[in-house]
Trainee: 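Sharing a structure, written as structure tokens. Questions coming.
Everything numeric here is computed off the predicted structure, so don't read it as measured data.
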Amino acid sequence: REVKTQIAGVTVVSDVSGFGFKHIRVLGLDQIRCIAAFLTGSFPLWFNRMHIIHHPRLFNVLFNMIKPFLNDRVRDNILFHGDDLQSLHAEVSPELLPADLGGSGELDNAAAVAAAKKLDSHFQEHVKRALGSV
């Protein structure tokens, strides 16, 4: 809905420190393809860069399952930093990051949460249609 964001894209920083086997075991080929489709353009948002931090070794298994379904542009824009926050800071200004990521910025996503909640009924309607219950 916001044209500027759709054109400029977004930079995502994802802390996956809690990722574990319980997450991998529920993923089938359909879910993996869905994740890949989401990242490669089926969602009307351009992901400029994705920074993955605090990822356990098991997360590499998931990425290796998804990788064959990603195009080169997407693959090249996913960066793994592990626990090296300095490499993250080289890509994303610490002024934009919260303190727990070594930044000085305040994380206030209240506006984004409120906007998402307003769209909840819209998404629920799409889910019903997709499941054939409407």
Side-chain angles (χ1 to χ4, degrees):
R1 292 185 181 215
E2 185 182 316
V3 176
K4 287 181 190 177
T5 302
Q6 289 176 348
I7 292 171
V10 295
T11 296
V12 175
V13 177
S14 184
D15 180 347
V16 294
S17 55
F19 187 84
F21 183 72
K22 64 183 175 186
H23 299 103
I24 289 247
R25 68 185 176 109
V26 298
L27 292 173
L29 188 58
D30 288 339
Q31 289 82 14
I32 290 169
R33 283 185 175 160
C34 184
I35 293 167
F38 180 82
L39 294 174
T40 57
S42 67
F43 188 73
L45 182 63
W46 177 53
F47 293 97
N48 187 19
R49 283 265 214 220
M50 293 187 73
H51 300 276
I52 311 298
I53 60 169
H54 303 307
H55 60 282
R57 238 185 255 168
L58 187 59
F59 192 80
N60 295 331
V61 172
L62 174 63
F63 186 68
N64 286 331
M65 291 188 316
I66 295 172
K67 200 182 332 184
F69 301 104
L70 301 176
N71 61 41
D72 289 341
R73 180 194 59 81
V74 172
R75 248 191 321 260
D76 293 344
N77 285 316
I78 298 175
L79 304 175
F80 291 89
H81 299 281
D83 295 325
D84 181 8
L85 294 181
Q86 294 303 317
S87 68
L88 173 65
H89 297 163
E91 293 277 335
V92 179
S93 171
E95 294 174 357
L96 300 173
L97 296 170
D100 61 330
L101 297 181
S104 58
E106 286 293 321
L107 181 61
D108 180 10
N109 66 347
V113 170
K117 286 182 178 181
K118 285 182 184 177
L119 294 173
D120 186 56
S121 61
H122 172 76
F123 290 119
Q124 292 299 326
E125 192 65 33
H126 281 287
V127 169
K128 287 178 186 175
R129 284 191 190 135
L131 297 175
S133 56
V134 171

Trainee: Would a hydrophobic clustering, with Ile, Leu, Val, Met, Phe, Trp and Tyr connected at side-chain separations under 4.5 Å, put F19 with V13?
Mentor: no
Trainee: Passes side-chain contact (heavy atoms from CB on, under 4.5 Å), K22 versus V26? Steps please.
Mentor: CA-CA 7 Å; K22 64 183 175 186; V26 298; over 6 Å; no
Trainee: Quick one, I53 with L101, criterion side-chain contact (heavy atoms from CB on, under 4.5 Å). Give me CA distance, side-chain angles, the key distance, then yes/no.
Mentor: CA-CA 9 Å; I53 60 169; L101 297 181; 3.1 Å; yes
Trainee: Should I52 and L85 be regarded as members of a common hydrophobic cluster, given that ILVMFWY residues are connected when their side-chain heavy atoms come within less than 4.5 Å of each other, either directly or indirectly?
Mentor: no
Trainee: Looking only at non-hydrogen atoms, find the nearest pair between A36 and F69 and report the distance.
Mentor: CB-CB, 3.4 Å
Trainee: Could you pull out the closest heavy-atom pair between D76 and R49, with the gap in Å?
Mentor: O-NH1, 3.4 Å
Trainee: Take H55 and F80 through the ring-ring contact (aromatic ring centres under 6.0 Å, His included) test and state the conclusion after the steps.
Mentor: CA-CA 8 Å; H55 60 282; F80 291 89; 5.1 Å; yes
Trainee: For residues L70 and F63, report the shortest heavy-atom separation together with the two atoms involved.
Mentor: CD1-CE1, 4.1 Å
Trainee: CD1 of I32 to CD1 of I66: how many Å apart, nearest 0.5 Å?
Mentor: 6.5 Å
Trainee: As an exercise, state the distance from CG of L39 to CZ of R75, rounded to the nearest 0.5 Å.
Mentor: 12.0 Å
Trainee: Between atom CD of Q31 and atom CE of M65, what is the distance when rounded to the nearest 0.5 Å?
Mentor: 10.0 Å
Trainee: Are V92 and V16 co-members of a hydrophobic cluster defined by side-chain heavy atoms under 4.5 Å apart?
Mentor: no
Trainee: Which heavy atom of S104 sits nearest to which heavy atom of E95, and what is that distance?
Mentor: OG-CA, 3.6 Å
Trainee: Which distance, rounded to the nearest 0.5 Å, do you find between the CG of L62 and the NZ of K67?
Mentor: 11.5 Å
Trainee: Which atoms form the tightest heavy-atom contact between I24 and L58, and what is the distance?
Mentor: CD1-O, 4.0 Å
Trainee: Is the count of non-hydrogen atoms from other residues, nucleotides or ligands lying under 6.0 Å from R73 atom CZ greater than 12?
Mentor: yes
Trainee: What distance separates T40 OG1 from I35 CD1, expressed to the nearest 0.5 Å?
Mentor: 11.5 Å
Trainee: Dump the intermediate steps for side-chain contact (heavy atoms from CB on, under 4.5 Å) on M50 and N77, then the final yes or no.
Mentor: CA-CA 6 Å; M50 293 187 73; N77 285 316; over 6 Å; no
Trainee: What's the shortest heavy-atom distance between H81 and L88, and which atoms?
Mentor: ND1-N, 3.4 Å
Trainee: If you measure from CG on D83 to CD on Q86, what distance do you get to the nearest 0.5 Å?
Mentor: 12.5 Å
Trainee: Assigning hydrophobic clusters by single linkage (Ile, Leu, Val, Met, Phe, Trp, Tyr; side-chain heavy-atom cutoff under 4.5 Å), is F59 placed with F47?
Mentor: yes
